[in-house]
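None of these values were measured; they are calculated from a predicted model.
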Amino acid sequence: PGEFDGPHSVAVDKSDNIYVADLYNQRIQVFNRDGQFLKHLGGKLHLQAPRALAISEGKLFLVDWGFTFVQVLNLKGASLTQFCVYNEQGEEVTPNAIAASPATGLYISDCNNHKVYFLELSSFPHCSSDIT
């Protein structure tokens with residue numbers, strides 16, 4: 001713990017705890033703002049290659065290379081739900097990166113189809129619009 005093998009994405013919660021997607025160690029590592037290791041999330045989550053994180057509304061949204069869905073966790077690491085993102089033709093997309101807009105929703109990129117999708121937090125998992 002505390003050592004990385006492919007740190008791929010970073011998200012920060014309201015307490016300034018830092019969540020790092022540690023790609024090749026197959027876990028999310030959590031540090032305080034001073035860089036002190038607090039815990040890691042993984043284990044029961046069966047992460048394959050966590051690559052993108054976002055935090056909003058006290059939830060951690062996780063994109064993993066091994067899956068075509070977005071995992072939703074609480075900040076302690078317990079799985080809450082998961083959802084897929086669909087394109088205009090109703091086909092599942094492969095999420096690549098994720099970013100949170102604190103008040104409104106999530107932006108999810110799909111590099112295979114060269115698109116970025118916006119999902120409203122109040123209505124996900126429905127894809128409300130693409131922006132590119």
Side-chain angles (χ1 to χ4, degrees):
E3 305 250 337
F4 299 118
D5 187 8
H8 218 268
S9 180
V10 176
V12 180
D13 68 17
K14 288 181 180 180
S15 300
D16 284 339
N17 292 317
I18 304 158
Y19 294 71
V20 181
D22 192 358
L23 188 71
Y24 301 114
N25 281 326
Q26 301 173 310
R27 62 186 175 201
I28 308 301
Q29 296 201 59
V30 185
F31 301 84
N32 67 19
R33 73 176 108 201
D34 297 321
Q36 178 184 5
F37 174 80
L38 299 176
K39 61 185 173 184
H40 75 270
L41 312 177
K44 294 180 181 181
L45 296 174
H46 305 290
L47 302 178
Q48 291 185 18
R51 67 175 167 182
L53 302 173
I55 294 176
S56 185
E57 303 290 317
K59 296 177 181 72
L60 177 67
F61 297 87
L62 168 64
V63 171
D64 189 315
W65 255 332
F67 304 104
T68 59
F69 53 81
V70 176
Q71 296 182 60
V72 184
L73 314 172
N74 67 23
L75 296 181
K76 293 181 180 180
S79 181
L80 300 175
T81 190
Q82 61 193 32
F83 62 89
C84 294
V85 179
Y86 298 92
N87 64 18
E88 302 81 14
Q89 290 77 35
E91 303 163 327
E92 277 185 19
V93 304
T94 302
N96 184 58
I98 190 165
S101 171
T104 57
L106 300 171
Y107 293 91
I108 299 172
S109 70
D110 172 16
C111 66
N112 293 338
N113 294 303
H114 314 288
K115 297 260 187 179
V116 174
Y117 297 92
F118 174 73
L119 286 79
E120 292 182 22
L121 283 176
S122 61
S123 65
F124 77 91
H126 303 294
C127 199
S128 56
S129 64
D130 68 74
I131 60 169
T132 59

Does [X] reach the main-chain N or O of [Y] with its side chain, forming a donor-acceptor pair under 3.5 Å?
X     : Y     : value
Asp64 : Ala49 : yes
Gln26 : Gln48 : yes
Ser9  : Ala21 : no
Gln29 : Val20 : no

Residue list, ring pair (Phe, Tyr, Trp, His ring centres under 6.0 Å) with Phe37, at least two apart or on another chain: Phe31
Whether Tyr107 and Phe118 hold their rings parallel, tilted or perpendicular, with breakpoints at 30° and 60°: tilted
Lys/Arg-Asp/Glu bridge criterion (N-O < 4.0 Å) met for Arg27, Asp22: yes
With Gln36 via side-chain hydrogen bond (donor to acceptor under 3.5 Å, both in side chains) - residues at least two apart: Asn32
Set of residues satisfying side-chain hydrogen bond (donor to acceptor under 3.5 Å, both in side chains) with respect to Asp16, sequence neighbours excluded: Arg33
Chi angles and distances behind the side chain to side chain contact (heavy atoms under 4.5 Å, CB included) call for Phe61, Ile108: CA-CA 10 Å; Phe61 297 87; Ile108 299 172; over 6 Å; no
Cluster link Leu45 to Tyr19, ILVMFWY, side chain under 4.5 Å: yes
Shortest non-hydrogen contact from Thr68 toward Cys84: O-SG, 4.2 Å
